[in-house]
Amino acid sequence: MRFLGKTAKRIRFSLGKSQVVMAEALGISVVQLSKIENDRSMPSPSLIAKYREVANVDLYVVDWCDDPDLMSLPESIRAAANQLKMAWAKEMGGP
């Protein structure tokens with residue numbers, strides 16, 4: 001199972017929001033957000049949907065783009081997934 005804490009925290013930082021402001025925008029407590037960001041709790045499907053509304057991103061997609069495992073994908077989509085990975089790295093200021 002992939003935890004999404006590092007990704008959630010990075011998204012919050014990229015938006016320039018404090019935990020208090022982000023928690024309010026997501027409709028959760030600061031304690032719950034802290035647990036998610038420290039990988040002590042997983043966001044529910046409804047919270048992942050709320051991240052899409054608030055941050056305009058999908059936590060799972062961003063997490064995969066940050067740490068892709070191309071070999072776990074079907075061979076027929078690896079090239080497209082690699083292009084996505086490279087585009088994401090460029091967007092985030094990577095090589």
Side-chain angles (χ1 to χ4, degrees):
M1 171 177 21
R2 291 180 78 128
F3 284 90
L4 301 173
K6 182 175 100 177
T7 301
K9 184 182 270 186
R10 196 161 77 85
I11 288 169
R12 179 174 60 81
F13 281 146
S14 75
L15 296 172
K17 295 182 185 260
S18 68
Q19 275 191 326
V20 172
V21 171
M22 189 67 165
E24 287 175 2
L26 293 169
I28 61 174
S29 71
V30 175
V31 172
Q32 185 178 359
L33 181 58
S34 177
K35 285 181 180 181
I36 290 167
E37 288 185 353
N38 289 296
D39 289 332
R40 290 181 293 168
S41 180
M42 285 290 290
S44 66
S46 62
L47 184 56
I48 290 172
K50 190 70 175 174
Y51 264 97
R52 277 189 226 105
E53 289 176 30
V54 170
N56 201 31
V57 297
D58 185 291
L59 287 178
Y60 283 111
V61 172
V62 173
D63 185 68
W64 186 87
C65 286
D66 285 345
D67 185 20
D69 179 6
L70 294 173
M71 298 312 289
S72 69
L73 299 172
E75 189 173 343
S76 62
I77 63 168
R78 286 183 195 156
N82 191 49
Q83 288 177 337
L84 174 63
K85 177 189 92 166
M86 291 173 15
W88 180 254
K90 184 177 178 182
E91 179 71 23
M92 296 309 291

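Keep in mind that the numbers below use all heavy atoms, side chains included, and drop hydrogens, waters and symmetry copies. When a residue number appears, it is its place in the shown sequence, counting from 1. Here the structure is a predicted model, which is why all the values come from computation and not from measurement.
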By salt bridge (charged side-chain N to carboxylate O under 4.0 Å, His left out), K50 pairs with (sequence neighbours left out) E53

Linking I/L/V/M/F/W/Y whenever any side-chain heavy atoms sit under 4.5 Å apart, do F3 and V61 land together?
no

Step by step, work out the side chain to side chain contact (heavy atoms under 4.5 Å, CB included) result for V21 and R12.
CA-CA 9 Å; V21 171; R12 179 174 60 81; over 6 Å; no

Residue list, side-chain contact (heavy atoms from CB on, under 4.5 Å) with A55, at least two apart or on another chain
I11, L15, V57

What pairs of donor and acceptor atoms, side-chain ones from residues 38-45 against any protein atom, are under 3.5 angstrom apart with sequence neighbours left out?
{"unit_1": "N38", "atom_1": "ND2", "unit_2": "S34", "atom_2": "O", "d": "2.8"}
{"unit_1": "N38", "atom_1": "ND2", "unit_2": "S34", "atom_2": "OG", "d": "3.3"}
{"unit_1": "D39", "atom_1": "OD1", "unit_2": "G5", "atom_2": "N", "d": "2.9"}
{"unit_1": "S44", "atom_1": "OG", "unit_2": "S46", "atom_2": "OG", "d": "3.1"}
{"unit_1": "S44", "atom_1": "OG", "unit_2": "L47", "atom_2": "N", "d": "3.1"}

My understanding is that only residues two or more places apart in sequence, or in another chain, count here; which of them pass side-chain contact (heavy atoms from CB on, under 4.5 Å) with L84?
W64, C65

Quick one: hydrophobic cluster around V30, which other residues, with the 4.5 Å side-chain cut-off, linked directly or via members?
V20

Residues which pass side-chain hydrogen bond (donor to acceptor under 3.5 Å, both in side chains) with S18, listed by chain and number, not counting sequence neighbours
none

Contacts of D58 meeting salt bridge (charged side-chain N to carboxylate O under 4.0 Å, His left out) (sequence neighbours excluded), chain-then-number -> R52

Is the shortest heavy-atom distance from the side chain of T7 to the side chain of R10 under 4.5 Å?
no

Euclidean distance, L4 CG relative to L59 CG, rounded to 0.5 Å
5.5 Å

Considering all heavy atoms, the nearest L33-A23 contact
CD2-N, 3.8 Å

From CZ (F13) to CD (Q19), nearest 0.5 Å:
8.0 Å

Pairs involving residues 20-33, ordered by first then second residue, that meet side-chain hydrogen bond (donor to acceptor under 3.5 Å, both in side chains) (sequence neighbours left out):
none

